[in-house]
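Read the structure below first, then the notes.
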Amino acid sequence: MASEPLILELRNVFSGYGEIEVLKDVSLGVRKGQIVSVIGANGAGKSTLLKTIFGIVQPTAGQILFDGKDITKRSPLEALKIGISYVPEGRTNFPAMTVQENLEMGAFIRDDTRAVAEEIDALCRRFPILQEKRHTSVGNLSGGQQQMVEIAIALMLRPKLMLVDEPTLGLAPILVKEVFRIIQEINQSGTTVVLVEQNARRALEISDYGFVLELGAIRFQGEPEVLMHNTEVYEAYLGSR
Ligand SMILES: Nc1ncnc2c1ncn2[C@@H]1O[C@H](COP(=O)(O)OP(=O)(O)OP(=O)(O)O)[C@@H](O)[C@H]1O
Ligand SMILES: [Mg+2]
């Protein structure tokens, strides 16, 4: 696995919001086929990192490469077209629309209607809750069910790389387990995953590699076993259960 090529690489990336600089000289690599976790305190810059990769926030310096190609200055739409999808923090689906309609929206850049319909059928078989609630407005689903819809929407474009921001926030333990299982399953079917999680221990348990972000910079990185045995990482992020 360690010899797989990098699907994503950030080289000395700086980014932020106007005058506010958040990411400071971030360099990192994600290997094809891996699940990579990014952990860190509130405000460390985890969401900003994903937004910068997806193109919602543009880097002020540095370079971003995807599959070896420079994608530093791309829009989110271009990111979607080359195979990067993004599951943002919180609920961002269309609550008045049904599960089916939300999934159709997720495929908005595809024009192969029949394949899209088959894809929706396949996702509904894979996530039974989607089948059960297929014609229900998403706004009437529970938080955990809405999170499943979010993930399914991001899968509609069959991404090579999926960026997932805190998918388990506010979920009951049983659903947390379910979301982690789904992320593993997505990864096993060939999608590389960058996962931002508050639930650091659980995230590292399913990851091949991890990064610890502090004040917008990579403070530690390594394989999960290495990070879990690092005293500073342990005390700051893994100490309490
Ligand atoms: N749209 C914005 N405009 C200005 N500042 C922002 C914006 N979004 C985030 N910030 C600031 O950028 C910093 C990093 O925020 P970010 O959302 O990336 O943190 P995070 O690690 O995802 O935190 P959390 O764990 O709370 O989600 C914070 O200081 C935050 O206040
Ligand atoms: Mg965040």
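Atom set for the values below is all heavy atoms of this structure, side chains included, hydrogens, waters and symmetry mates excluded. Along the sequence shown, residues are numbered consecutively beginning with 1. Order of listing sets the numbers, starting from 1, for every ligand and every atom in it. Given the structure is predicted, the values throughout are model-derived calculations rather than measurements.
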Original post:
OG1/T136 to CG/L130 distance, rounded to the nearest 0.5 angstrom?
Top reply: 11.0 Å

Using only atom types and a distance under 3.5 Å, with no angle test, would you say the side chain of [X] pairs donor to acceptor with the backbone of [Y]?
{"X": "Q100", "Y": "H135", "answer": "no"}
{"X": "D70", "Y": "T72", "answer": "yes"}
{"X": "D208", "Y": "E223", "answer": "no"}

Original post:
With a cut-off of 2.8 Å, does D165 place any N/O/S atom under that distance from the Mg ion (ligand 2)?
Top reply: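 Of the N, O and S atoms in D165, none lies under 2.8 Å from the Mg ion (ligand 2), which means no.
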
**OP:** Give a yes/no answer: is there an N/O/S atom of T48 under 2.8 Å from the Mg ion (ligand 2)?
**Re:** no

Original post:
In E89, which N, O or S atom comes closest to the Mg ion (ligand 2)?
Top reply: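 For E89, the N/O/S atom sitting closest to the Mg ion (ligand 2) is OE2.
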
Original post:
What does the list of residues with a heavy atom under 4.0 Å from ligand 1 look like, ordered by chain and number?
Top reply: Y17, I20, V22, A41, N42, G43, A44, G45, K46, S47, T48, E89, E166, Q198

**OP:** Could you verify whether a donor N or O on one side chain and an acceptor N or O on the other, from T168 and E197, lie under 3.5 Å apart?
**Re:**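 A pair is found: one side chain offers a donor N or O, the other an acceptor, under 3.5 Å apart.
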
Subject >> Pair Q184-R181, side-chain donor/acceptor within less than 3.5 Å >> reply: no

Subject >> Minimum heavy-atom distance G222-L227, with the two atoms named >> reply: O-CD1, 3.7 Å

